[in-house]
Amino acid sequence: MGINISLESTVIPGVYMRLSRYFLPVLRDVPKDAEIASHRLMLRAGMVRQQASGLYSWLPLGYKVLMKVQKIIEEEQNRSGAIQLLMPTIQSADLWRESGRYDAYGKEMLRIQDRHERDFLFGPTNEEMITDIFRSYVKSYKDLPLNLYHIQWKFRDEVRPRFGTMRSREFLMKDAYSFDLSKEEAVKAYERMFVAYLRTYARMGLTAIPMRADTGPIGGDLSHEFIVLADTGESAVFCDKRLLGKPIPPQDTDFRGDLNPIFEDWTSHYAATEDMVDMSEFEASVSEENRVSARGIEVGHIFYFGTKYSEPMKATVTGPDGKEITVHMGSYGIGPTRLVPAIIEAFHDDDGIVWPVSVAPFEAVLINLKAGDDACDTACDALYAELNAAGLDILYDDRDQGAGAKFTTADLIGIPYQIIIGPRGLKAGEAEIKHRKTGERETLPIGEAVARLKGLIEPQRKTDI
RNA sequence: CGGAGUAUAGCGCAGCCUGGUAGCGCACCUGCUUCGGGAGCAGGGGGUCGAGUGUUCGAAUCACUCUACUCCGACCA
């Protein structure tokens, strides 16, 4: 699937990231079919291309963002103790017959046959397959707890795909699955994921609120959705204002320790989606000035579902007393291909996207205002080399185009900082830095530009919140 | 799955009502001049008008069928 190429391999300074040699098909006109801001901007910024209803190609700029989003997810999953693997997209129908979901799942599941007319399906989720892997190898209580995850393409044949990659039929999902000896232990696993999710969204600059949720077809009795507030959100949500801006569990949080106080702290405030909300409870438990009624985008969903799959699929381990124990499971999903538009919904203005540094396709764009001019080219080439050497992720706009076009492109694709070199400033030995988010501009000696940019960018990478 | 709509160059659109040599803007190519907020001038290339059938001397245009896509509602990372 090509998603496992490391981020580093896509960033080879000085070769591919000259815009004149890059592949960035920005659109001037707004495609008429795109209704919401993130979809419009993803098309205009040349991030994705629709191939059919609910199916998208990720073009270089979009793919680069997607990779950064995935990297953050992986880091936080790993930190919490989850272990990454990779399962196939195509699954055998027999597995799903074991759990009883082959018939239950309905038309959303894409069913296919191979040349021998054996039944297969394009996986919409992986509970069955991971349970099969688990039961094949794990036999002892000593091997628990265990949490396995992967990031893989899923396919759900949605009745009505819409909003670009926000709700596509094929989508990437990080799905983690926990295995524990008891409900109490499983709830601890649930709490670990809960905290990992809080950190994951925060690192992307998002405020995501965990809300009690319906367990739906996956089944079970404990479930939270993580919701980013946005006017274009698909569901109405109701929560306590005090959840907004709540401090995120820090990097040194001990995932082997007791996370229940954090969980209790976050879940003690009322928060529910429209499916689950009880208005009288909402009004009773939240004072009027703290009531938030808004719309939100679901960017994650976690479930504890006990033995729903382990029971029919016979996923058991031997306990200390020699007796068989049916394991308790949970599953935990985040959609990277949905997070990208969700981030754009949260961060854009009239001119385009305004990426948070941590997920920006490039951290800064070096704009050569007069490509072809010896002085400008020389200064920019040197600066570009220095910026790369400083470890910054830089796009170099060396195109032979007018200044306006370059500014417009830089604003549209939302690079956090623009470092501008033109003949005018060059005579004075000066560069200009524009902050995309605020519009603020600062002029400084060229020699100080690298250090200044580094100083601006590094604290915002949020690698260590 | 119910309701509504759209389909003409890469993108955005006009032309259709009232049938008669397929157009505009942007993008693209060539040349010159430009170069601090999507540059100007000149020249040029690109279309079986979503598909099929029918009516007609003649169909982008009229009729019928199909397909794809979008939007609104019920379901989902």
Side-chain angles (χ1 to χ4, degrees), chain A residues 25-36 39-40 43-44 46 49-55 69 73 105-109 123-126 151-176 197 208 213-218 223-228 234-235 273-275 297-303 331-342 351-352 367-373 376 397 399-412 418 420-427 430-432 434 439 441 443:
Chain A
V26 297
L27 270 37
R28 186 173 199 141
D29 296 309
V30 182
K32 65 169 177 176
D33 289 337
E35 289 292 316
I36 66 169
H39 190 196
R40 275 199 305 272
L43 291 169
R44 287 197 60 210
R49 170 174 174 77
Q50 180 173 342
Q51 303 292 166
S53 177
L55 300 174
V69 165
I73 293 170
Y105 214 92
K107 287 188 163 181
E108 292 222 333
M109 187 156 75
T125 179
N126 284 60
I151 298 178
Q152 179 61 289
W153 292 99
K154 305 293 188 287
F155 191 93
R156 294 182 190 174
D157 201 356
E158 296 276 350
V159 191
R160 191 179 156 214
R162 62 184 120 168
F163 305 145
T165 68
M166 184 87 78
R167 180 145 165 192
S168 48
R169 293 193 292 177
E170 188 182 51
F171 60 96
L172 267 181
M173 183 162 80
K174 184 287 300 179
D175 38 330
Y197 274 36
D214 196 0
T215 52
I218 295 183
S223 176
H224 283 85
E225 289 179 354
F226 288 77
I227 305 280
V228 174
E234 286 197 87
S235 49
T273 61
E274 56 191 333
D275 302 329
I297 300 167
E298 181 186 345
V299 291
H301 203 159
I302 61 179
F303 303 88
S331 74
Y332 315 89
I334 291 184
T337 48
R338 170 178 283 189
L339 266 171
V340 173
D351 294 325
I367 298 180
N368 183 346
L369 281 183
K370 194 168 182 179
D373 176 85
C376 284
D397 191 347
R399 294 174 300 168
D400 183 17
Q401 296 222 349
K406 297 187 181 187
F407 291 137
T408 306
T409 299
D411 288 345
L412 172 65
Q418 298 169 18
I420 302 158
I421 302 290
R424 207 171 68 194
L426 205 53
K427 278 183 193 145
E430 287 172 343
E432 186 177 332
K434 178 186 167 185
R441 295 162 181 279
T443 301

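Remember, it's a predicted structure, so these values are computed and weren't measured experimentally. As a basis for the values below, the full set of heavy atoms in this structure was taken, side chains included, without hydrogen atoms, waters or symmetry mates. The sequence lines fix the lettering, A, B, ..., with proteins before strands; numbering per chain opens at 1.
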### Message
In this structure, how many angstroms lie between the P atom of B:G36 and the CD atom of A:E430, rounded?
### Response
17 Å

### Message
Distance check, C1' atoms only: B:C49 and B:U61, in whole angstrom units.
### Response
10 Å

#### Entry: Partner set under salt bridge (charged side-chain N to carboxylate O under 4.0 Å, His left out) for A:E432, not counting sequence neighbours
A:R441

#### Entry: Out of B:G38, B:A77, B:C75, whichever nucleotide has its closest atom nearest the side chain of A:E108
B:C75

### Partners passing salt bridge (charged side-chain N to carboxylate O under 4.0 Å, His left out) against A:D351 (at least two apart in sequence or in another chain)
none

### Atom pair distance, as rounded to whole Å: CG in A:L412 and C1' in B:G37
14 Å

### Message
In whole Å, measure the gap between the C1' atoms of B:G19 and B:C57 for me.
### Response
12 Å

### Query
Heavy atoms under 4.0 Å, any strand shown: does A:D411 hit a base, just sugar-phosphate, or nothing?
base

#### Entry: Under 3.5 Å donor-acceptor pair, A:R167 side-chain atoms to B:C75 base atoms
yes

### Query
Is there a side-chain contact between A:Y197 and A:H224 (heavy atoms, below 4.5 Å)?
no

### Query
A:K107 versus A:V159: any side-chain heavy-atom pair under 4.5 Å?
no

### Message
Using the C1' atom as the point on both nucleotides, what is the distance between B:G15 and B:C28, in whole Å?
### Response
24 Å

### Query
With respect to the phosphate group of B:A77, does any side-chain polar atom (N or O) of A:R338 fall under 4.0 Å of OP1 or OP2?
no

### Query
Please give, in whole Å, the distance from B:A77 P to A:R169 CZ?
18 Å

### Task
Name the nucleic acid region contacted by A:E35, choosing base, sugar-phosphate or nothing; use a 4.0 angstrom heavy-atom cut-off, strictly under.
sugar-phosphate

### Message
I need a per-nucleotide contact map over nucleotides 2-10 of chain B, read 5' to 3'. Cutoff is protein heavy atoms under 4.0 Å; write B for the base, S for backbone only, - otherwise.
### Response
----S----

#### Entry: Separation between the P atoms of B:G50 and B:C26, rounded to whole Å
24 Å

### Task
Could you tell me whether the side chain of A:R40 has a donor or acceptor atom within less than 3.5 Å of a complementary atom in the base of B:G12?
no

### Query
Base, sugar-phosphate, or nothing: which does A:K154 touch, judged by heavy atoms less than 4.0 Å apart?
nothing

### Query
Does the ring of A:F407 lie flat against the base of B:G38, closer than 5.5 Å centre to centre with planes under 30°?
no

### Summary
Whole-Å distance, A:F155 CZ to B:C76 C1', equals 13 Å

#### Entry: Between B:G45 and B:U6 - C1' atom distance, rounded Å
29 Å

### Task
Measure the shortest side-chain to side-chain distance between A:I73 and A:P336 over non-hydrogen atoms and say whether it is less than 4.5 angstrom.
yes

### Task
For A:M109, report the nucleic acid contact type (base, sugar-phosphate, nothing); a contact means any heavy atom under 4.0 Å.
nothing

## Note on the structure
To the nearest angstrom, the CD-C1' distance between A:E158 and B:U70 comes to 16 Å

### Message
Just to be sure I understand the rule, does A:G372 reach a base, reach only the sugar-phosphate, or reach nothing, if contact means heavy atoms closer than 4.0 Å?
### Response
nothing

### Query
Does A:K434 get its side chain close enough to the base of B:G37, under 3.5 Å, for a donor-acceptor pair?
yes

### Query
Which nucleotide, B:A27, B:C1, B:G37, lies nearest any side-chain atom of A:T408?
B:G37

### Task
Just compare B:G36, B:A77, B:C75 and give me whichever is closest to any side-chain atom of A:R424.
B:G36

### Task
Not counting sequence neighbours, which residues clear ring-ring contact (aromatic ring centres under 6.0 Å, His included) with A:F171? List them please.
none

#### Entry: B:G38 base / A:Q401 side chain donor-acceptor hit below 3.5 Å
no

### Task
Would you mind reporting whether A:E170 and A:T337 have side-chain heavy atoms less than 4.5 Å apart?
no

### Task
Among B:C69, B:C76, B:C71, find the nucleotide with the atom closest to the side chain of A:Q50.
B:C69

### Task
Take atom CG of A:D275 and atom C1' of B:A74, then tell me their distance rounded to the nearest Å.
12 Å

### Query
Quick one: which of B:G37, B:C76, B:U70 gets closest to the side chain of A:S53?
B:U70

### Query
The side chain of A:E298 lies closest to which of these nucleotides: B:C1, B:A77, B:G37?
B:A77

### Message
Using atom P in both nucleotides, what's the gap between B:C11 and B:U53 to the nearest angstrom?
### Response
26 Å

### Query
Residues in salt bridge (charged side-chain N to carboxylate O under 4.0 Å, His left out) with A:R40, at least two apart?
none

### Query
For A:K370, what residues pass the salt bridge (charged side-chain N to carboxylate O under 4.0 Å, His left out) criterion, not counting sequence neighbours?
none

### Query
When rounded to the nearest Å, what value does the distance between P atoms of B:C69 and B:C29 take?
32 Å

### Query
Can you tell me how far CD1 of A:I334 sits from CG of A:D175, rounded to the nearest 0.5 angstrom?
10.5 Å

### Task
Return the value, rounded to whole Å, for the distance between atom CD of A:E170 and atom P of B:A77.
17 Å

### Task
Indicate, with a heavy-atom threshold strictly under 4.0 Å, whether A:S168 touches base, sugar-phosphate, or nothing.
base

### Base partner of B:C26, which must satisfy Watson-Crick or wobble distances under 3.5 Å
B:G10

### Query
Within the structure shown, what part of the strands sits under 4.0 Å from A:R399 by heavy-atom distance: base, sugar-phosphate, or nothing?
nothing

### Query
Out of B:G38, B:C71, B:A77, which nucleotide sits closest to the side chain of A:R162?
B:C71

### Query
Quick one: is A:T125 getting a side-chain N or O under 4.0 Å of the B:A77 phosphate, OP1 or OP2?
no

### Query
Expressed as a whole number of Å, how far does the P atom of B:A14 sit from that of B:G25?
16 Å

### Query
Tell me, do A:S223 and A:H301 make a side-chain contact under 4.5 Å, heavy atoms counted?
yes

### Message
Going by purine N1 to pyrimidine N3 plus the second Watson-Crick contact, or the G-U wobble pair, all under 3.5 Å, which nucleotide sits opposite B:A77?
### Response
none

### Message
Measuring to OP1 and OP2 of B:G36, would you say a side-chain N or O of A:K406 lies under 4.0 angstrom away?
### Response
no

